[in-house]
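Okay, structure first, notes after.
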Amino acid sequence: AQLHYSVPEDREPGFSVGDLAKDLGVEVRSLAARNLRLVSEGRQRHFQVDLAAGVLLLDSRLDREALCGQSPTCSLHLQLVMENPLQLHRVEVDVLDVNDNAPQFPKPEVLLEITEVANPGTRLPLEVAEDPDMGSNSISTYELSPSKHFALSINVRGDGVKMPEIVLEKALDREKVPVHHLTLTALDGGNPVKSGTARVTIHVLDANDNPPVCDPPISKVLLEENVPVGTLVTKLNVTDLDEGPNGDVEYSFKTSNNAPGKFTKLFSLDARTGEIRTKAPLDYEESSAYEIAVRARDKGSPAMEGHCHLRVELIDINDNSPEILLTSVSSPVQEDAAPGTVIALIGVKDSDSGDNGQVQLQIAKELPFKLVSSFKEHFSLVTSGPLDREKAGGYNITVRAVDSGSPQRATQKTFYLRIADVNDNAPNFSSPFDTAHVQENSLPGTSVFSVSASDPDEGSNAKLSYSILDNGMQDVPISTYFRIDQDNGTIYTVRALDYEQDKVFQVPVEVKDAGSPALSSTAVVHVFVLDENDNAPSIVYPSVPKGSAFHQAIPALAEPGYLVTKIVAVDADSGHNAWLSYQLQESAEALPFQVERRSGEIRLAQALRESEDSHRLVVEVRDNGTPSLSSSVVIVISREESSVQDFSKSLDLPPSSPEDTNLTLYLIISLVSISLVSCVMFGLVAARC
């Protein structure tokens, strides 16, 4: 077992430190019988055991400062031995600090010199007082006896030590007061407060009136721990406005009583230039900072000096690069992946510490991805926007890890992420409406037109098939006229087409991809049937059976220009194929008749001779197609003695009366009127066309 006690250092011998019997759990009367004794206490005896009372007593007065020096803690270790049975107990006694030491200056009297021309603000460093006590019992502050010319300034050094300086506040006059006597008092923080004093004698000197001045008086330098020996740390900037020897400055280290000469083993100082260099390797782990005090003294008489305080802080170097650990990658990723989809898991590590071990991950900003911190040193790469395989089929993603050291160290790793296709694009025709032409009477299987569509997807999502839709736009299903090759989109005829029956077809074509679900689009192909001259002219008037002739009588006294009759014919074709012309077929004898080429009117070309009773005409009607087709009609024209008789005969009526003659006149007038009106209407229609 181990017992733990504490005792202030100022207690007298015989002071009860602790109740051993109670703490060991044994009877007081058994201690003597079990031969309780102290062993292994060291050379000097500080404690004894009172067997009668069973307590641990102080044998001699303790001095914490003598026992432990400046250590923050002070403990004494004892061993207790008891027999029957044999037992060993460890006792630890903490010696508590008591404010039993007053501050003390290294010298009871301090001699200082200052020129009479020193400017207000001039500082005179003083030696630091020492107090062996620790904590709040150590030196707390300094006080200076009242003076018209001097005041006290206290600076705190980097290690917390208070540095007293005398500051000149009012100009001096050596002729009036050549020597100033002051008292410097050091006060600790104990209760009650203890103090120590030193007499300060300041001699006012004549002449050299400008001391060296360090600019700045307190400075800090950052230095890497691995700099080579001989590296320049800094060059002190000290100025002395005097000339000659009074302005010639020499430099020297000013050691401290608390750490005499520690930094002088690591740094060198050039007495002429004030350059401070390293003279031994520096180790950040041994000490992260050094406080250097430099005295700058001129060669005047009396010499004047200035003081520079330099703090050198070492910087831990960044000598390890970050490491990227690609834990998992999901490749390929669907192009319709929602924002926030995890693509990869990435870990990082850096063997350095502090800022040198703080790592940040980066990727290019233009990528549709971002890094999300999952927890310390672990990141997720997720999508930050929509993906489109048709624009980018994959991405080379470079992940860069950068630490926070100086200089920064970086590592990067690149991996390829493939984007998988989704059927998100419908096929598109090059044009939603197309026009095609096909000759009528073409053989079934004739190629009419080829439609073309494209799909930016890939694989089965871009495999296209074509079909014709029967949407009821025609009276007869369109599939009875046309078919389409489902692979290349070529439209073929199923049967021969007849221009006279159907002049134009609207063929709706659908293209569909093989995706799931399948996407489609439609286009309409207008197929115009081109006319072919496959219909011969048909004679409407006169209408006679095939192989028969049409008989027409004319007056015997008819004059040239007399309208005998008019041939009327039509052609089922259109365009040039329907343009008709009329002509008489050549005969062995000259005929006194002529046919108007365009109108088909047969007129008397010359008066009939008495010997000519009848004439046989063959009128041919021919279209303008290629090849040209024709029809013909036979007309037999005979001469009658009188028109009245002819008319009567043609009507097979009895001899006409005056009333019948008037009726004939009316009929002629009516026919002429109808003809005139028809001509006007035909003219208007022709003008509009």
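Basis for what follows: all heavy atoms, side chains included, without hydrogens, waters or symmetry-related copies.
At least one side-chain heavy atom of Leu310 sits less than 4.5 Å from a side-chain heavy atom of Val312. Considering only heavy atoms from C-beta on, Pro125 comes within 4.5 Å of Lys254 through its side chain. A heavy-atom distance below 4.5 Å is not found between the side chains of Leu112 and Thr201. Residues Pro322 and Val348 have side chains not in contact (no heavy-atom distance under 4.5 Å, counting atoms from C-beta outward). A heavy-atom distance below 4.5 Å is not found between the side chains of Tyr142 and Leu126. Ile346 is listed as a side-chain neighbour of Leu371, based on a closest heavy-atom distance under 4.5 Å. For the pair Leu56 and Val49, the minimum side-chain heavy-atom distance is below 4.5 Å. You'll find the side chain of His4 reaches within 4.5 Å of the side chain of Asp94, heavy atoms only.
Ring planes of His180 and Phe150: perpendicular class, angle over 60° (limits at 30 and 60°).
Ser374 and Ser380 share a donor-acceptor pair across their side chains, judged by distance under 3.5 Å alone. Residues Arg90 and His77 bring a donor and an acceptor atom of their side chains to less than 3.5 Å of each other.
In this structure, the side chain of Ser140 does not engage the main chain of Asp188 through any donor-acceptor pair within 3.5 Å. The closest donor-acceptor contact from the side chain of Thr383 to the backbone of Ala338 lies under 3.5 Å. The backbone N or O of Ser404 sits nowhere less than 3.5 Å from a side-chain atom of Asp355 that would complete a donor-acceptor pair. Remark: side-chain polar atoms of Asp215 are not paired, donor with acceptor, to backbone N or O of Asn237 under 3.5 angstrom. Side chain of Arg277 to backbone of Gly230: a donor-acceptor contact under 3.5 angstrom is found. Between the side chain of Lys370 and the backbone N or O of Ser384, no donor-acceptor pair lies under 3.5 Å.
Here the CZ atom belonging to Arg400 is positioned 11.0 Å from the CG atom belonging to Leu361, to the nearest 0.5 angstrom. For the atom pair NZ of Lys279 and OG1 of Thr231, the computed distance is 15.0 Å after rounding to the nearest 0.5 Å. Within the model, atoms CD1 of Ile154 and CD of Glu143 stand 8.5 Å from one another, a figure rounded to the nearest 0.5 Å. Arg34 contributes atom CZ, which lies 9.0 Å from atom CG of Leu86 (distance to the nearest 0.5 angstrom). From Glu12, atom CD reaches atom CZ of Arg61 across 5.0 Å, with rounding to the nearest 0.5 Å. One distance of note links CD1 of Ile202 with CG of Leu182; it measures 4.5 Å at 0.5 Å rounding.
Nearest heavy-atom pair across His149 and Leu168 is O-CD1, 3.4 Å. Taking each heavy atom of Val28 and Ala52 in turn, the nearest pair found is CG1-O, 3.1 Å. Contact detail for Thr278 and Pro228: the closest heavy-atom pair is OG1-O, 3.2 Å. Minimum heavy-atom separation, Leu57 to Gly14: CD2-O, 3.7 Å. For the pair Arg11 and Leu58, the tightest heavy-atom approach, listed with the atom from each and the gap, is O-CD2, 3.2 Å. Closest non-hydrogen pair, Pro211 versus Asp240, comes out as C-OD2, 3.9 Å.
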Test side-chain contact (heavy atoms from CB on, under 4.5 Å) applied to Phe379 and Ile324, step by step = CA-CA 11 Å; Phe379 298 84; Ile324 299 175; over 6 Å; no
Ser219 and Thr234: CA distance, side-chain angles, deciding distance, side-chain contact (heavy atoms from CB on, under 4.5 Å) verdict = CA-CA 10 Å; Ser219 59; Thr234 187; 5.8 Å; no
Kindly indicate, with the supporting measurements, whether the criterion side-chain contact (heavy atoms from CB on, under 4.5 Å) is fulfilled by Gln2 and His89.
-> CA-CA 6 Å; Gln2 176 170 319; His89 297 274; over 6 Å; no
Audit row: Met82, Leu24, side-chain contact (heavy atoms from CB on, under 4.5 Å) steps and yes/no | CA-CA 11 Å; Met82 289 191 301; Leu24 293 175; 4.2 Å; yes
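A ring-centre distance under 6.0 Å is not found for Phe267 and Phe253.
Under a cut-off of 6.0 angstrom, the local environment of CD in Gln104 is sparse, with at most 12 non-hydrogen atoms contributed by other residues, nucleotides or ligands.
Note on Glu83 versus Arg37: salt bridge recorded, some NZ/NE/NH1/NH2 to OD/OE distance being below 4.0 Å. Remark: Lys349 does not engage Glu377 in a salt bridge, criterion side-chain N to carboxylate O under 4.0 Å.
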